[in-house]
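Let me begin by presenting the structure, written as structure tokens, before commenting on it.
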Amino acid sequence: MAIVILELYLYFIIKSPESVGLAAILIFLTLIIYFAFRVGRRGGFITTALTIGYYVYILYSRNYEGQELINALETILSLGILYGLMAGVIGWLKETIDNLIEREANEKRRIEAIIEQLPVGILIADKTQKIVKSNERMNTIMGVKVPVGFELGSSYFVPVDTPQEPPSQSPIMKALKKGEVSTNIEYTVRRGTEPVHIHISAAPIHDREGEIIAAVSIIADVTEQKINELRKDDFINMASHELKTPLTSITLYTDLILRRLKKSTDTELTQMMIRTKDQLNRLQHLVDDLLDVARIQTGKLSLTQETFVLNELIQETIDVLKETTTTHTVQLIEAEKIHVTADRFRIYQVLTNLVTNAIKYSHHGKNITVSLVKKSTRAIVCVKDEGVGIPESEHEKIFERLYQVYESTEKKSPGFGMGLFISQEIVNRHNCRIWVDSEVGKGSTFCFNIPLASPVPSEKDDT
Ligand code: ADP
């Protein structure tokens with residue numbers, strides 16, 4: 001740089017000695033810009049000071065006097081101000097750009113450190129479907145080093161057991177191609193020979209214009225949780241099976257005692273036995289629910305299909321449940337006679353659960369209505385209450401196993417969150433669905449549909 005400037009200077013001197021002053025001004029300006037850019041404001045100001053010093057030296061060495069000296073000093077002062085301003089502005093710009101770059105680099109370092117320290121695996125792919133980042137945890141979970149630059153669509157780098165889907169349907173590919181967000185999709189992969197249960201979540205990354213530029217996948221190893229869950233389920237299944245036999249005997253003996261007590265005059269003892277029977281019924285229900293959940297989980301919930309009149313089953317259910325409440329009225333809105341083909345006992349179970357819930361979760365509203373309509377090839381049954389209602393965010397979750405809207409501490413009604421899970425499974429097994437329409441404070445309407453009998457039996461067949 002210095003050599004180039006010297007060459008330029010000499011060139012000007014040889015070419016035209018009168019333009020040396022102008023050349024010097026330009027060359028010093030270039031030097032100030034250069035140092036302000038390289039070092040910042042400090043570099044610009046030092047160069048400015050040296051330049052002004054040099055100009056003063058020239059003045060001194062050429063013995064200027066009088067008006068000529070004043071003019072020259074004024075020129076130097078103007079140039080000094082100009083140079084100083086240039087040095088200040090350019091230096092400030094350079095420092096600002098440096099700060100921005102530094103901040104960006106720090107941010108990147110911070111994000112990288114966070115990604116590395118996360119207890120979940122992270123995989124980031126760009127829009128060409130190539131992996132651009134993964135963390136150490138990801139390698140540990142998968143049991144292989146996830147290669148940066150690897151193309152996602154080409155093949156899985158780990159064998160996937162479940163679900164059996166093509167790589168193009170993986171959550172990260174869906175995020176990249178369609179902008180789809182996936183949350184906690186369960187997979188089982190193999191680490192060597194060992195199965196690893198993972199939850200994958202994925203989301204697209206957009207630029208300012210909303211274009212997808214990359215996608216991130218978060219992988220959590222839930223193997224330990226899964227094993228504990230299975231162990232807990234096994235224990236509950238075993239315990240409920242073990243409870244079933246003694247419970248049945250106790251119930252039989254209680255029934256026997258109650259029958260004998262009918263002839264007795266000891267009303268106090270009779271009342272005690274009736275209360276014992278009530279508690280036994282509750283226990284029996286709980287054990288039955290636990291066993292049903294176990295059957296559902298092992299795919300062993302079997303259905304026995306038969307054709308029956310749904311109105312009669314609903315009325316039967318209402319009559320039984322009416323006996324259990326003195327606070328609520330339960331009514332069937334009369335409808336045309338509807339024949340359905342389904343598992344009668346299991347549908348009874350669904351109806352019992354919905355009406356029991358309607359009673360349980362209506363502390364103020366007293367009226368419960370059950371309605372029945374035909375729609376296409378299905379019958380739709382709805383149970384409506386005027387109870388506490390369910391927030392919309394919970395409408396899907398209440399059908400999950402063991403899910404309850406209120407924490408057990410603020411819970412006013414007994415229950416374990418199994419009823420709706422079992423009901424949904426029963427209805428789904430009939431290739432039908434169950435749903436809820438509810439508003440907090442106003443009440444809920446639970447509906448499900450079941451297949452009409454086909455062909456519909458004539459009235460004569462009923463009699
Ligand atoms: P449980 O009643 O034993 O807790 P369920 O599976 O039958 O279990 O119901 C799950 C949750 O859904 C309940 O805990 C309750 O919070 C909510 N729920 C069910 N039915 C109603 C209803 N009719 N009104 C208000 N909330 C309800």
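Atoms within a ligand are numbered from 1 in the order they appear, just like the ligands themselves. All residue numbers refer to positions in the sequence shown, counting from 1.
Heavy atoms of D385 found under 4.0 angstrom from ligand 1 belong exclusively to the side chain.
Residue contact check: N353 has heavy atoms under 4.0 Å from atoms 7 (O) of ligand 1. For ligand 1 and V388, the ligand atoms under 4.0 Å from any heavy atom of the residue are 25 (C). Each of the atoms 6 (O), 8 (O) of ligand 1 lies under 4.0 Å from some heavy atom of M418.
For the 3.5 Å distance criterion, the side chains of D343 and Q349 fail to qualify, holding no donor opposite an acceptor.
Not a single N or O atom of I390, backbone or side chain, sits closer than 3.5 Å to an N or O atom of ligand 1. By the 3.5 Å distance cut-off applied to N or O atoms, G419 is counted among the residues near ligand 1. Between L420 and ligand 1, at least one N/O pair is under 3.5 Å apart. Checked by distance only, ligand 1 and Y403 stay at 3.5 Å or farther apart across all their nitrogen or oxygen atoms. Taking any N or O of G389, backbone or side chain, none lies under 3.5 Å from an N or O belonging to ligand 1.
A salt bridge is absent between E386 and K366: the closest approach of a Lys/Arg side-chain nitrogen to an acidic carboxylate oxygen does not fall below 4.0 angstrom. Salt-bridge annotation for R275 and D278: absent, with no side-chain N of the basic residue lying under 4.0 Å from a carboxylate O of the acidic one.
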Under 3.5 Å, sequence neighbours excluded: what are the donor-acceptor pairs made by side chains of residues 116-127?
residue	atom	partner	partner atom	Å
E116	OE1	E136	N	3.2
D126	OD1	T128	N	3.0
D126	OD1	T128	OG1	2.7
D126	OD1	Q129	N	3.4
D126	OD1	K130	N	3.1
D126	OD2	T128	OG1	3.3

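Atoms OG and CG, on S423 and N357 in that order, are 7.5 Å from each other to the nearest 0.5 Å.
Ligand 1 lies nowhere less than 4.0 angstrom from a heavy atom belonging to E394.
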